[in-house]
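Notes for the one structure printed next.
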Amino acid sequence: MKYKVQIVLAICLLWTMSLISAKPDPNALVGKIGDREYNYKKFNDGFKSYLQYHGKGKVLTKQDSIKLNNQYWEELIGMYVYDQAIKAGKIKVTDAELEAEIKKNIPAEIKQIKDFQTNGKFDKAKYEQALKDHPDFKREVMNYSRDLYSYNKLIKTIKNEVKANPDSVKNAWLKENDFASAKIIHFDYNKLTAINVTDDEARTFYEAHKDEFKRENGRSYLVARFAGNLSKAENAEQKAKENKTLSTALFNRAKEIGLQKAAEEMNIPLEESPYFNEQDQIIPYIGRAPDLISFAFNNPVGSIPDIFYAPTGDILVLELKSEIPEYYIDFEIKKQEMIIRANRAKRMFTMDNYVQDFMHQETPETYLAAAIRDSIAIIEAEKVMADNEIKPLGKIPALNTAILNTPVGSFTPLIENEKHWYLALVTKRQYPDLTLWEKNKKKIIADAEAKLQEDHLNQWYLEQRSKVQIIDNRKNFYELQMQLKL
């Protein structure tokens, strides 16, 4: 008797076919993974079987089917990645290994064959006798098991490339079990939104930092501006035509006698641009104008560039007015930046003074009540360790250290970090229990190694996957996203 490997699939889930477009070309390219092409027929046949297998005993939703389509595609990519690694010789699989495998891990489908059952239960002796008596059957089972065994061996081989260091695991465990909880008073100057500078204070701040705005080798333009932001009341279309005509006339006349005289003749007002240098991309009050900047540094004073149509819609006629060895960016250009920076400095200064008064006037017994009275933020921090982040404060190593070094029921010293100040009341403290380490260290080390190896496998897979050329046309044949109801 000749035995065949039988694979039993679940009942076909007909409704899932609504996910598939009507009668696509069977030869149309659904996707390509490396050198493996999947036309519609090949991919769809595999996908239907995949749906049937994963739908056993379930009622799949539309979202389930979309998820399974993506999962099936990713498994095809994974098979290609693994096959390439095996082909490249990362592992070798011998017949002896496969013989041992098919005896140790008998495929579930084999156990369903009635000839290998006694009283309705799988009889391993009958199966092994069949392997011995029928070489073709044994070869067929070996071939059937080859891919899965190879993949499992490859995964195990890759994972075993890394091992956990017991000392490192212990140190990590000690850190994870050495923590405290605390109530943290956060003196945050950003909360002082009512503290703002005047224009005079902003200018004083600018003068104090003026050297930051010193530039060398500046240029400026004389500018005639024809406004492009026209309202309907101004008869915008007619006005735009007039502006274009007038600007062209001014430009032509300026080429003859210079912009200053031409503007006087035509009674057109002029303005002067702020200075700019060759590294700038934007000319203040003109906008992004790399061509004008390039012109200014490649032509003498008095030169007239082409008419400039600004991003704002303005039409500008310009003449290179002056050059200067050094200049300062004007306060008005930097005013908003100065207000923001000066506000920040003033709020820091105000909070600094408040904190000093707080520390002189209050005692550890009144810290929390005083903070609540003055609307100072109090943060409940759980499991503060030596180097973890305290949400929402971020990483502040000095604060973590102070909390861990302070007894329960006491406040830390005042901690300052980037003009933020902190006082923390330690409410709970846990120290690592070495007896627990000794009791559970085998499992702790094993778990750490399992995670390390899983992370290593994932990293290896992502690196290999990134090298594969992939064409994914599935969206042309399948709905891969749920439609949102608005």
Side-chain angles (χ1 to χ4, degrees), residues 2-10 31 33-38 42-58 67-113 115-117 122-124 126-132 134-162 449-450 453-465 467-468 470:
K2 186 174 182 180
Y3 301 100
K4 296 292 182 183
V5 177
Q6 301 171 6
I7 302 176
V8 181
L9 297 175
I33 302 169
D35 57 1
R36 295 179 184 175
E37 291 190 358
Y38 294 88
K42 181 177 181 180
F43 183 87
N44 198 54
D45 287 349
F47 179 45
K48 284 193 290 184
S49 296
Y50 195 79
L51 281 173
Q52 292 165 0
Y53 178 79
H54 286 277
K56 263 191 294 192
K58 301 177 184 176
K67 181 180 178 181
L68 287 170
N69 191 299
N70 290 323
Q71 185 174 300
Y72 176 58
W73 174 250
E74 192 58 42
E75 287 185 16
L76 291 176
I77 297 172
M79 287 168 60
Y80 181 83
V81 168
Y82 291 157
D83 287 342
Q84 291 300 106
I86 293 168
K87 184 179 178 181
K90 198 164 184 71
I91 62 164
K92 301 290 183 185
V93 176
T94 65
D95 283 351
E97 287 178 272
L98 287 174
E99 283 194 46
E101 173 66 12
I102 64 174
K103 292 178 181 178
K104 180 180 178 183
N105 296 306
I106 303 163
E109 294 79 13
I110 295 291
K111 294 181 179 180
Q112 302 302 317
I113 298 175
D115 292 317
F116 300 149
Q117 295 180 354
F122 175 69
D123 189 329
K124 188 176 180 182
K126 288 183 177 181
Y127 165 65
E128 291 186 350
Q129 189 62 44
L131 293 177
K132 183 177 179 181
H134 300 278
D136 289 345
F137 171 67
K138 182 173 76 171
R139 177 60 58 184
E140 188 176 350
V141 179
M142 287 170 62
N143 288 336
Y144 176 74
S145 300
R146 185 182 300 275
D147 284 347
L148 182 59
Y149 177 78
S150 298
Y151 294 157
N152 286 335
K153 183 176 181 179
L154 175 66
I155 289 169
K156 185 176 180 180
T157 299
I158 295 167
K159 284 184 173 182
N160 284 335
E161 290 174 348
V162 295
E449 183 162 282
Q453 292 182 336
E454 193 65 33
D455 290 345
H456 176 67
L457 174 65
N458 290 339
Q459 183 63 35
W460 174 88
Y461 176 77
L462 290 174
E463 288 176 0
Q464 300 307 311
R465 190 189 190 283
K467 299 174 185 177
V468 181
I470 297 171

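For Lys138 and Glu99, the salt-bridge test passes: some basic side-chain N is under 4.0 Å from an acidic carboxylate O. Salt bridge Glu161/Lys90: present, at least one basic N to carboxylate O contact under 4.0 Å.
No side-chain heavy atom of Gln84 sits less than 4.5 Å from a side-chain heavy atom of Lys467. In this structure, Lys159 and Glu454 have side chains that are in contact, with non-hydrogen atoms separated by less than 4.5 Å. Within the 4.5 Å cutoff, side-chain heavy atoms of Trp73 are placed close to those of Ile33.
Residues Gly46 and Tyr72 come closest through the heavy atom pair CA-OH, 3.2 Å. Of all non-hydrogen atoms in Ala130 and Phe116, the two that sit nearest each other are CB-CE2, 3.5 Å. Listed here is the closest heavy atom pair of Trp460 and Leu154: CH2-CD2, 4.4 Å. Glu97 and Lys92 get closest at one heavy-atom pair: OE1-O, 3.4 Å. Minimum interatomic distance between Val468 and Gln464 (heavy atoms only, all atoms of both residues): CG2-O, 3.5 Å. Across all non-hydrogen atoms, the minimal contact from Glu109 to Tyr144 is OE1-OH, 3.1 Å.
In this structure, the separation between CD1 on Ile113 and OH on Tyr127 is 9.0 Å, given to the nearest 0.5 Å. Ile77 CD1 to Met79 CE: the interatomic distance, rounded to the nearest 0.5 Å, is 12.0 Å. The distance from atom NZ of Lys42 to atom CZ of Arg36, rounded to the nearest 0.5 Å, is 8.0 Å. Separating the CZ atom in Arg139 from the CD1 atom in Ile102 is a distance of 9.0 Å, to the nearest 0.5 Å. For the atom pair OG1 (Thr157) and CD1 (Ile91), the distance works out to 6.0 Å, reported to the nearest 0.5 Å. Interatomic distance, NZ of Lys124 versus CG of Leu131, reported as 10.5 Å (0.5 Å rounding).
A donor-acceptor contact shorter than 3.5 Å is absent between the side chain of Lys126 and the backbone of Asp115.
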Tell me, with the steps shown, if Arg465 and Glu74 meet side-chain contact (heavy atoms from CB on, under 4.5 Å). CA-CA 10 Å; Arg465 190 189 190 283; Glu74 192 58 42; 2.8 Å; yes
Going through the checks in order, is the side-chain contact (heavy atoms from CB on, under 4.5 Å) test met by Gln71 and Leu68? CA-CA 5 Å; Gln71 185 174 300; Leu68 287 170; 4.0 Å; yes
Step-by-step side-chain contact (heavy atoms from CB on, under 4.5 Å) determination, Arg146 to Asp95: CA-CA 9 Å; Arg146 185 182 300 275; Asp95 283 351; 4.0 Å; yes
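When the side chain to side chain contact (heavy atoms under 4.5 Å, CB included) test is applied to Asn160, the partners found at least two apart in sequence or on another chain are Lys156, Lys163, Gln453.
Between Tyr151 and Tyr82, the ring planes are tilted. Angles from 30° to 60° get that label. Aromatic ring orientation, Tyr38 versus Phe43: perpendicular (interplanar angle above 60°, classes split at 30° and 60°).
When the options Leu98, Asp136, Ile110 are evaluated for a side chain to side chain contact (heavy atoms under 4.5 Å, CB included) with Val141, the one that passes is Ile110.
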